[in-house]
Trainee: 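Here you go, one structure.
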Amino acid sequence: MSVVPSALDNESCDVAIRASFLHFKSDPDFSGDAFEYLEDGLLILKGGRVRQLVNAPDWIDHLPDGSALYDYSGCLVMPGFIDTHTHYPQTEMIASYGLQLLDWLKQYTFPTEEKFAERDHANQIAEFFCEEMLRNGTTTSAVFATVHSESVDAIFEAAQRRDMCLIAGKVMMDRNAPASLCDDPQQSYRQSVELIQRWHLQGRLHYAVTPRFAPSCSPEQLELCGQLLAEHPDLYLQSHVAENVDEVRWVAELFPESRSYLDVYDRFGLLGPRSVYAHCIHLDEADRVRMADSGAAMAFCPTSNLFLGSGLFSLDSAYRHGIRVGLATDVGAGTSFSMLQTLNEAYKVCQLAGHSLTPLKAFYLATLGSAESLYLDHRIGNFEVGKEADFVVLDLQATELMKLRMQNAQSLEDKLFALMMLGDDRCVQATHVMGQRRFQRGRV
Ligand SMILES: [Zn+2]
């Protein structure tokens, strides 16, 4: 028996969204009722936050006068996708041909990042990047800027204008890169402190201490990264580890006293909650145990790992060890801004590693799982009461092929699987941030 609700009042609703809804409450591998699906649902918001998710037929006639209704009937609404590792300055060099990590950095990345000494250029790419995120239904990212402070200001300003929850930081790099892209440890520390004061916890923004990777950082610089974290314990730390076999060999030469690549960071106090390490491919058992114990997160970057030929991330072993894992595009080595396309490649990486990424697990990973990896699940990642209302509106019939395929879809899981294999930005009808529509397909 359905309970007929009393009328909503203006105190409890200013925006309502009608659609099908899917969101996760926990990891579907560990719980039978990890997700909630409503075929005809109504998401009721107040002040940009979730008040209730209910059945639309019971409630649609009880909305208070003056509340805005977005009717997305026929579409599927999910929490906004969360990209746990990407580089906004590399947007313009995505899909650059033919090299593996270390040569790719030299030939494409460093010349591109040099342009970000110019604030106007940084602004232009930061604007494009945020728009491209929203066009793909991504509402939160952990982003590398460049070594230039201006590049950090540009991305935070672009995110702030859209009220997006964003993590970013200045790249710290004092060796093994062109002189124009190197800072020195003391200067890098001072600039980071200024940026932390200017941006950290301003609205929905978070600062991340961002050493590029161990080969580009002297021991003194890594020590100062550790000092920044010790002085500001609620900061993030983002870097790369164990992406490519030549890189791993190089790190062993540069830091002979360390047991492993991961151990380099550990010795400088850079492993802990809110530390996010991209790739994590060539790790051993002791590294994985240490990742789990420390509370640090792995960012799984399937399109990047395949594109650069770096190797296959083991999602299975990460979960077996109880490590936090987020999904990531890693643009511009990653080949797509679309988290649907990223899930497509993630599925194939898991297939090659001999296990299956189920569609429910995949969409958990792109939403709540990534929020948990970033310790942001108390604010974003699902539609529980009080959460910040970031969400994506998906059309599962966006292409002719998807229309045909969906006719034969027998279950929710089947539809979700076809969505992640066939879908891309064409499926994103709209993206909302804190309840506000920030992207609508077909509108400029
Ligand atoms: Zn990266």
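In listed order, ligands and their atoms are each counted from 1.
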Trainee: Do the numbers put Arg324 on top of the ring of Tyr319, so that NZ or CZ is under 6.0 Å from the six-membered ring centre and no more than 45° off the axis?
Mentor: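 Pair Arg324/Tyr319 does not count as cation-pi.
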
Trainee: Would you mind naming the N, O or S atom of His240 nearest to the Zn ion (ligand 1)?
Mentor: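 Within His240, restricted to N, O or S, the Zn ion (ligand 1) is closest to atom NE2.
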
Trainee: Suppose you place the vertex at the Zn ion (ligand 1); what is the angle out to His85 NE2 and His87 NE2, to 10°?
Mentor: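 Here the angle at the metal atom is close to 100°, to 10°.
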
Trainee: Going by an N to O cut-off under 4.0 Å, is there a salt bridge joining Glu157 and Arg119?
Mentor: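 Looking at Arg119 together with Glu157, the answer is yes, because their closest N to O distance falls below 4.0 Å.
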
Trainee: Less than 4.0 angstrom from a charged side-chain N to a carboxylate O is my criterion; do Arg290 and Asp266 meet it?
Mentor: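 The answer is yes: the pair qualifies as a salt bridge.
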
Trainee: Just give me the atom name: the N, O or S atom of Asp330 closest to the Zn ion (ligand 1).
Mentor: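 The atom in question is OD1.
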
Trainee: When you measure from the centre of the six-membered ring of Tyr347, is the NZ or CZ of Lys361 closer than 6.0 Å and no more than 45° off the axis?
Mentor: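 The answer is no; the distance or angle limit is not met.
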
